[in-house]
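Scroll down for the structure; my scribbles are underneath it.
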Amino acid sequence: MDEPAQNEDIALDGDQTQPTAEIIAAMNQNGSTNTIKTEPDTDGPTSEFDALFARLSENPQDPEGWRRLIDLATGSGEIPKIQQAFDELLKHYPNTSSAQIAYISHFLNDESTFAEAEQLFIKFLRSSPNVDLWKFYLTYVRRRNTGPSASTREIVRKSYEFALNHVGQDKDSGEIWNDYIQFLKAGDASSTWEEQQKMDTLRKAYHRAVQIPLDNLEKLWSELETFETNLNKITAKKFMSDLSPAHTQARAVLRQLTTHLNPLYPPQQGNDLYLPTQPAFDNADRILTGKWKAYLKWEESNPLEIEEKDKATLVTRLQGVYRKAVIRMRFHSEIWYMAYAWTSSVGKQDEAIAILKAGFEANPSSYLLAFAYAEAMELKKEYPEVHSTFNKIIAVRAKHLEELAKTNPPEENGAKEEPASQSTNSSFGSQAAEEKPTKLSEYQEWRRDYGIAYIMYMRFARRCEGLPALRKIFLRARKDKLVPWEVYEATALMEYHGFGDKQVATRIFERGLDTFPAETDFVCRYLGFLISVNDGNNARALFERVIQTFPSEKARPLWERWARYENQHGDLEAILKLEKRIAEAYPKEPPMKRFAQRHMHLNIDAIADCDLGMIARRHSANVGTVLGRNETGQSIAPAGANAPKRPASPDHNRGVKREDTRNFEAGGGGGYKRQRGNASPARVDRDVHMRDRDRDHDRGRDAGRDRWTEGGNKNRRFSPPPPSGGAWERERDDRDGGRGYGGPSRDIKREESFAPRGPPPVQIPPVVSWFVGELPPAATFDGPVFKTDDLMKCFKQAIIPSSVGAGPNGAPPPRARTPPPPPGPTNYSQHRGGGRPPPDYGPYTGPGGGGGRGRRY
């Protein structure tokens with residue numbers, strides 16, 4: 001083949017850098033002695049290969065199986081088997097450079113198979129961000145084009161430019177840059193003009209390379225300095241001075257880049273064929289994903305400070321970064337979504353949708369990618385593709401649920417009788433002492449998520465295709481035995497709010513009640529719907545019909561929901577009758593609690609605030625709750641705790657710091673901000689109160705119920721013993737919601753390991769404990785960070801004039817001594833003895849502020 005490949009669909013924009021027949025012919029010089037068979041060997045056994053191929057086609061997430069299949073195909077030496085194995089492998093693991101190189105190598109040993117090798121080069125190169133494949137391509141280009149003619153050198157030069165335009169921003173492309181520069185140096189020049197052109201081309205290549213964080217950056221910089229100096233020492237100084245800032249930035253970025261990439265690309269052991277595995281979602285997997293996200297966010301922040309005029313360079317760099325990320329983390333859907341979001345943000349919508357589609361093909365069970373791709377197709381009005389996407393995710397998830405039901409039958413994991421979740425609209429906020437909150441089983445959680453796919457599908461149908469399409473999907477869902485009750489509730493609300501049909505919505509609720517008669521949450525939602533449409537008669541009839549079918553431990557949400565309605569909209573006689581029935585169902589609850597509940601609105605409890613003094617308690621002392629917790633922590637410290645250690649931070653700060661630290665490590669935005677200055681007592685008290693209120697709200701309904709329960713929650717674990725004093729009482733009151741309407745004291749189970757032993761521990765002053773607890777973690781530091789190279793350069797070039805006249809004979813003036821301290825009393829014993837003066841702990845006023853006392857970094 002004497003001409004470049006003329007495939008119009010995948011032509012490379014006429015740059016003539018595709019592997020030609022002459023280029024591929026040079027691959028014969030590899031010295032490989034493998035013998036390729038074009039016909040299958042019918043004599044040898046092939047059953048293992050066929051069985052393994054069939055199994056991997058059904059379940060492709062098996063890296064070891066793929067390696068074994070490739071070994072079997074390669075060992076057979078049969079071209080059909082090799083093609084079959086590698087094509088199937090690269091179908092499930094595209095852009096795996098080690099597999100692509102091995103695949104192409106099998107067609108470089110026989111001249112009759114060069115055409116296949118050429119097609120593979122064309123197929124793989126344009127979409128590959130891997131430097132190894134481009135090196136493989138360039139090696140054979142140079143081996144084939146070894147002549148001294150200008151046309152031959154031009155082909156090689158264009159090939160290098162083609163490769164550098166695609167992967168030249170990669171850290172590992174330093175070898176390509178170095179080979180390209182050496183190739184340019186080796187060129188002959190027959191005239192002064194050609195020599196000047198050669199020098200200009202070489203200088204341009206050097207200047208491009210030394211501004212990129214390459215692994216051989218220092219070597220290239222040294223070579224450039226020698227090159228410029230040999231040409232002209234005067235112009236060399238100017239060129240090097242102009243490039244120095246960009247080169248210094250590249251060096252600094254290279255150090256950070258190496259720190260980011262080393263844990264992401266650990267050294268490969270054993271087989272060179274690396275294939276990503278399915279995420280295990282364990283601690284190591286979460287750490288790895290967090291590091292990838294932090295690295296990608298760092299790359300998006302433009303650490304090289306590429307200017308807006310060179311935005312195309314930044315886009316090319318980030319495209320390569322994200323392509324490598326989705327290859328390495330192929331089965332992590334959040335990495336795919338980050339690639340989609342960034343690509344969409346730079347205006348490349350078609351490429352962004354292609355990323356979403358490829359990610360969904362790699363992760364067909366991902367709700368994240370399925371919903372994102374469906375929305376993208378909906379915006380483009382490609383409704384058939386949206387239907388196909390939802391049908392695919394529903395089919396994949398249904399298969400997963402069926403397999404899970406076989407290994408864990410629903411009867412065993414409670415699928416037929418799910419525990420009632422906690423009501424968010426509780427008017428009681430309480431729970432019987434004997435109740436135990438039950439977690440959903442794995443099957444129930446997956447089943448609940450499965451219903452979301454149907455709900456999102458129906459929302460799309462309502463938006464884009466109207467009521468008939470919505471009802472058609474719901475009819476399909478009704479026949480699916482795996483759908484949860486949430487699908488019925490969502491459909492009924494869509495009918496009512498979307499099309500104003502109350503009767504149809506009620507019938508859907510009734511059908512759901514027939515299908516899920518034991519679901520307390522569904523009955524509560526149905527009851528709430530009837531109340532919201534002001535259908536009090538049917539709501540009362542529903543309550544009376546179902547309340548007797550549930551045991552008292554499961555019926556509490558129903559009592560609470562109906563009691564709240566009666567308290568707000570019923571008459572007093574009905575309220576008292578309902579309260580009597582509740583008292584019979586839950587005899588341990590104190591009467592004052594139920595009375596107070598009748599007189600609450602929006603969680604405002606005037607009886608507790610006024611008659612039980614909760615407002616006075618909360619505002620009786622500054623940061624009372626914070627100091628109380630610290631006293632509790634100090635009281636359970638073991639003997640000998642007076643070692644110079646930093647005390648534990650208060651609880652209300654720990655949660656915030658842990659969350660912010662996690663966000664910081666995962667590359668998320670908005671970290672913890674340092675607080676300067678001293679907070680006033682009123683502000684501290686207000687902040688503590690707000691944090692405690694948010695903490696109690698986040699604990700859910702269980703914590704709210706405990707404050708009313710006689711006997712407390714006996715299953716609370718790891719509760720430390722109360723110290724002497726009122727701090728524990730204040731903390732218990734805060735945790736109980738501050739009510740205490742006459743219920744018996746809690747029976748708190750104490751762990752023996754928390755009991756103090758030996759002499760009483762040393763108590764740290766509360767103010768010190770509060771101050772240390774307010775300090776943010778080191779990882780959240782947001783102050784200025786200076787670059788060492790810039791500081792040293794500044795010190796080296798600084799000119800410090802003398803502030804006084806010269807001494808005798810032109811000598812510099814003697815250094816002024818610090819005057820002795822004035823006599824008088826002082827609070828520092830060291831200072832009295834002539835030691836150092838006391839340190840200045842005044843507030844930081846910024847550089848140059850505070851009388852010339854700038855902050856030291």
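Panel note: side chain Ser128, backbone Leu125; no donor-acceptor pair is recorded below 3.5 Å. Remark: the backbone N or O of Ala372 is not paired with any side-chain donor or acceptor of Tyr337 at under 3.5 angstrom. Without hydrogens or angle criteria, Ser388 side chain to Pro384 main chain gives no donor-acceptor distance under 3.5 Å. Within the 3.5 Å criterion, the main-chain N or O of Gly174 finds a donor-acceptor partner in the side chain of Asn216. Side chain of His166 to backbone of Phe162: a donor-acceptor contact under 3.5 angstrom is found. At distances below 3.5 Å, at least one donor-acceptor pair connects side-chain atoms of Thr407 with backbone N or O atoms of Leu404. A donor-acceptor contact shorter than 3.5 Å links the side chain of Gln444 to the backbone of Ser441. Asp310 places no side-chain N or O within donor-acceptor distance of the main-chain N or O of Ile306, the cut-off being under 3.5 Å.
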Practice item. Check step by step if side chain to side chain contact (heavy atoms under 4.5 Å, CB included) holds for Lys123 and Gln100. Key: CA-CA 10 Å; Lys123 178 181 179 181; Gln100 291 172 335; over 6 Å; no

**Study point:** Intermediate values then yes/no, ring pair (Phe, Tyr, Trp, His ring centres under 6.0 Å), Trp336 and Phe360
**Key:** CA-CA 9 Å; Trp336 284 96; Phe360 184 50; over 10 Å; no

Exercise for review: Start with the C-alpha gap between Phe516 and Tyr488, add the side-chain angles, then the distance that decides, and say whether ring pair (Phe, Tyr, Trp, His ring centres under 6.0 Å) holds.
Suggested key: CA-CA 10 Å; Phe516 305 98; Tyr488 285 80; 5.7 Å; yes

Exercise for review: Just do the side chain to side chain contact (heavy atoms under 4.5 Å, CB included) check on Thr277 and Gln61 with the steps written out, would you?
Suggested key: CA-CA 7 Å; Thr277 58; Gln61 284 78 32; over 6 Å; no

Review point. Between Tyr383 and Cys464, is a side chain to side chain contact (heavy atoms under 4.5 Å, CB included) present by the stated rule, with each step listed?
Key: CA-CA 8 Å; Tyr383 299 149; Cys464 302; 3.8 Å; yes

Check your understanding: Between Glu385 and Tyr373, does a side-chain hydrogen bond (donor to acceptor under 3.5 Å, both in side chains) hold up when you go through it step by step?
Key -> CA-CA 9 Å; Glu385 187 69 15; Tyr373 183 60; 2.9 Å; yes

Point to revise | Chi angles and distances behind the side chain to side chain contact (heavy atoms under 4.5 Å, CB included) call for Lys380, Asp350 | key: CA-CA 11 Å; Lys380 296 186 68 175; Asp350 293 339; 4.1 Å; yes

Practice item. Go through Asn302 and Arg317 one step at a time and tell me if the side-chain hydrogen bond (donor to acceptor under 3.5 Å, both in side chains) criterion holds. Key: CA-CA 10 Å; Asn302 189 14; Arg317 177 179 178 82; over 6 Å; no

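With values rounded to the nearest 0.5 angstrom, Leu475 atom CG is found 9.5 Å from Lys472 atom NZ. Distance check: Ile473 CD1 to Met456 CE gives 12.0 Å after rounding to the nearest 0.5 Å. Atom-to-atom distance recorded for Asp285:CG and Gln278:CD is 10.0 Å, nearest 0.5 angstrom. Taken to the nearest 0.5 Å, the OG1 atom of Thr491 stands 8.0 Å off from the CD atom of Glu495. The distance from the CZ atom of Arg208 to the CD atom of Gln169 is 9.0 Å, given to the nearest 0.5 Å. Here CG of Asn262 is found 9.0 Å from CG of Leu257. Values are rounded to the nearest 0.5 Å.
By the 30° and 60° cut-offs, the orientation of the rings of Tyr103 relative to Phe124 is tilted. Using bins of under 30°, 30° to 60° and over 60° for the plane-to-plane angle, the ring pair Tyr367/Phe371 lands in the tilted bin. Note: Phe460 and Tyr457 have parallel aromatic rings, judged against thresholds of 30 and 60 degrees for the angle between ring planes.
Between Trp292 and Tyr322, a ring centre-to-centre spacing not shorter than 6.0 Å is recorded.
For the pair Arg448 and Tyr443, the cation-pi test (distance below 6.0 Å, angle within 45°) is failed.
For the residue pair Leu214 and Leu254, the shortest heavy atom distance occurs at O-CD2, 3.2 Å. Closest approach of Ala453 and Ile393 over heavy atoms only: CB-CG2, 4.5 Å. Counting all heavy atoms, side chain and backbone alike, Ser365 lies closest to Arg397 at O-NH2, 2.9 Å. For the residue pair Pro263 and Leu288, the shortest heavy atom distance occurs at O-CD1, 4.2 Å. The minimum heavy-atom distance linking Trp66 with His92 is given by the pair CZ2-CD2, 3.6 Å. Here the closest heavy-atom approach between residue Ala339 and residue Thr343 is recorded as O-OG1, 2.7 Å.
Between Arg476 and Asp480 the shortest side-chain heavy-atom distance does not fall below 4.5 Å. Inter-residue side-chain proximity for Glu334 and Lys293 is flagged as met; some heavy-atom pair is nearer than 4.5 Å. Using a 4.5 Å heavy-atom cutoff, the side chains of Glu402 and Leu482 are in contact. Side-chain contact between Glu486 and Phe522: absent, with no pair of heavy atoms (C-beta onward) separated by less than 4.5 Å. Between Val483 and Arg478 the shortest side-chain heavy-atom distance does not fall below 4.5 Å. Residues Leu89 and Leu273 have side chains in contact (heavy-atom distance under 4.5 Å, counting atoms from C-beta outward). Taking the side chain as every heavy atom from C-beta outward, Leu275 and Asp62 never approach each other to under 4.5 Å. Residues Val167 and Ile176 have side chains in contact (heavy-atom distance under 4.5 Å, counting atoms from C-beta outward).
A salt bridge links Lys135 to Glu175: one of the charged nitrogens lies within less than 4.0 Å of a carboxylate oxygen. Salt bridge present: Arg67 and Glu64 bring a charged side-chain N and a carboxylate O closer than 4.0 Å. Taking 4.0 Å as the cut-off between side-chain N and carboxylate O, Lys324 and Asp170 count as a salt-bridged pair. The pair Arg463-Glu378 meets the salt-bridge criterion, since a charged nitrogen lies less than 4.0 angstrom from a carboxylate oxygen.
Within a 6.0 Å sphere centred on CG of Asp282, other residues, nucleotides and ligands contribute more than 12 heavy atoms. Within a 6.0 Å radius of NZ in Lys392, other residues, nucleotides and ligands contribute more than 12 heavy atoms. The environment of Trp298 atom CH2 is dense: over 12 non-hydrogen atoms of other residues, nucleotides or ligands sit within 6.0 angstrom.
Glu300 and Trp342 share no donor-acceptor pair across their side chains, judged by distance under 3.5 Å alone. Remark: the His387 side chain and the Glu465 side chain contain an N/O donor-acceptor pair separated by less than 3.5 Å. A donor and an acceptor atom, one from each side chain of Gln256 and His260, are nowhere located under 3.5 Å apart. No side-chain donor from either of Arg330 and Asn95 sits under 3.5 Å from a side-chain acceptor of the other. No hydrogens or angles considered: nothing links the side chains of Gln211 and Gln249 as a donor-acceptor pair under 3.5 Å. Side chains of Gln349 and Ser344: a donor on one and an acceptor on the other come within 3.5 Å.
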